[in-house]
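Just below is one structure, and these are the notes that go with it.
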Amino acid sequence: VTGGGRAGSAAGADDVHVLYLAGSGRSGSTVVTTLLGQLPGFFAAGELRYLWSRGVQEDHVCGCGQPFGRCPVWTAVMARTDPRGRADAAGIGRRLLQRLRVLRVPSMLARRALGRRAVPPHPDDHVIASLYRAVADETGARVVVDSSKLPPYGLLLQRLPGVRVHVLHVVRDPRATAFSWMRRKVSRDRDDEALMPRQQPVKSSLLWLLWNLLTAVAWRDRDARVSRFRYEDFVARPREVLAPVVRALGADPDDLPFLDDHSVRLAATHAVAGNPNRRDSGAVRLRPDLEWQQAMRSRDRSLVTALTWPGLLRFGYPLAARRPSAGRPTTPTSRSAS
Ligand SMILES: [Zn+2]
């Protein structure tokens with residue numbers, strides 16, 4: 001095992017290595033992305049599928065605190081990207097949403113079963129591929145960390161020329177994610193009080209189930225370029241859980257900026273789009289965020305459990321939507337996580 005992932009028939013020595021965080025929303029992938037982005041040679045890029053709309057077009061705030069159009073890193077990256085990316089960012093963003101729609105998932109699976117690309121090729125793909133090349137060239141990164149999460153985008157990405165995808169699937173208890181989706185949260189993406197989008201438990205549960213099972217089907221455990229862990233295990237034992245992921249990418253886990261077993265020191269990143277936690281920096285304590293166990297209505301908890309049970313079983317979560325203290329030992333309850 002080389003660990004660098006360069007082996008394999010279709011791989012080119014010059015490929016851009018992308019660590020793709022796959023799964024569903026509000027799964028804690030933001031802090032994982034920021035943390036991995038601290039490694040030498042890694043660049044935490046954020047949710048790149050939204051770069052065209054929320055970055056180029058709408059000028060949301062970058063992880064560094066500057067609006068996208070004034071961030072020196074993204075300005076330089078965009079100058080290296082295929083110029084069609086700046087000229088038609090709105091179109092690319094809009095077409096990506098259409099191409100990756102949830103209603104297209106059955107046809108994606110059918111195409112994949114026939115050995116074809118799950119997401120049909122499109123002229124935009126050259127522009128998208130040039131973005132990843134530009135990020136790697138401009139930042140000097142050996143690994144670009146993309147927290148876009150949506151499995152269909154990962155399927156699109158891994159068929160782009162010159163891009164070598166490694167997948168990290170982070171799963172979080174769907175009752176915790178449903179609770180997070182219901183909560184009011186300011187996006188901090190612009191200078192207003194705009195809120196993060198919210199979802200009702202039925203929708204968030206069904207999407208949790210779809211995206212996590214699709215991720216598990218699309219990227220199997222036996223593939224050396226696939227890693228998978230539960231967010232709850234990550235916050236309980238972050239060093240232990242991250243070490244094999246980091247080693248598989250040819251990096252040294254000792255380079256992760258741990259202050260102690262549960263705290264890390266994070267430098268600001270240039271992550272675009274996504275959870276406002278991406279702008280957290282300094283000393284950060286990794287916490288399980290178990291507020292849902294106290295504050296979520298038992299009716300909602302039971303509903304989420306009933307809708308997600310195949311995934312609960314697949315990923316080893318208890319079916320009983322129980323009150324706290326029956327779980328694994330963890331650090332004290334607190335807010336945080338994404
Ligand atoms: Zn920036």
Side-chain angles (χ1 to χ4, degrees), residues 16-21 25 28-90 92-93 96 127-150 153 157 163 168 185-194 196-197 251 255-257 264-284 336 338:
V16 179
H17 289 253
V18 175
L19 177 62
Y20 189 71
L21 273 85
S29 59
T30 303
V31 67
V32 174
T33 299
T34 308
L35 185 47
L36 291 172
Q38 312 291 313
L39 287 167
F42 283 52
F43 179 76
E47 299 187 24
L48 286 180
R49 74 186 172 102
Y50 286 125
L51 172 133
W52 314 102
S53 53
R54 299 185 195 168
V56 182
Q57 191 191 357
E58 297 168 10
D59 208 23
H60 286 204
V61 176
C62 174
C64 68
Q66 291 282 344
F68 181 87
R70 271 189 269 150
C71 166
V73 172
W74 287 112
T75 302
V77 167
M78 290 316 294
R80 288 175 182 257
T81 300
D82 187 317
R84 284 174 292 173
R86 275 163 292 156
D88 189 23
I92 294 172
L96 267 181
V127 185
I128 296 169
S130 80
L131 170 69
Y132 288 83
R133 178 83 261 163
V135 170
D137 288 348
E138 176 58 34
T139 65
R142 192 173 62 76
V143 177
V144 178
V145 187
D146 180 343
S147 52
S148 294
K149 289 187 290 295
L150 194 73
Y153 184 70
L157 208 56
V163 173
L168 172 55
K185 195 167 186 182
V186 176
S187 83
R188 291 161 64 197
D189 247 15
R190 289 195 273 195
D191 293 333
D192 56 24
E193 295 297 298
M196 296 276 290
D255 287 334
L256 289 167
V264 288
R265 181 171 299 286
L266 301 178
T269 69
H270 293 280
V272 289
N275 192 288
N277 295 359
R278 76 184 189 281
R279 290 168 59 194
D280 290 347
S281 60
V284 171
S336 85
S338 50

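One-based numbering, in listed order, for ligands and for the atoms of each. In what follows, residues are counted from 1 in the order of the sequence shown. Every value quoted in this text rests on a predicted model; they were computed, and no experiment measured them.
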Decide side chain to side chain contact (heavy atoms under 4.5 Å, CB included) for Phe68 and Arg54; before the verdict, give the C-alpha distance in whole Å, the side-chain angles of both, and the deciding distance to 0.1 Å. CA-CA 9 Å; Phe68 181 87; Arg54 299 185 195 168; over 6 Å; no
Side chain proximity check, Val144 to Leu19, heavy atoms < 4.5 angstrom: no
With a 4.5 Å limit on heavy-atom distance, are the side chains of Val145 and Tyr20 in contact? no
Qualifying side chain to side chain donor-acceptor pair (under 3.5 Å) pairs, either residue in residues 62-80, two or more places apart: Arg80-Glu138
So, taking the atom named CG in Asp255 and the one named CG in Leu39, what distance separates them when rounded to the nearest 0.5 Å? 6.5 Å
Value rounded to 0.5 Å, distance of CD in Gln38 from OG1 in Thr269: 7.5 Å
At a cut-off of 2.8 Å, what protein N/O/S atoms sit near the Zn ion (ligand 1)? Cys62 SG, Cys64 SG, Cys71 SG, His270 ND1
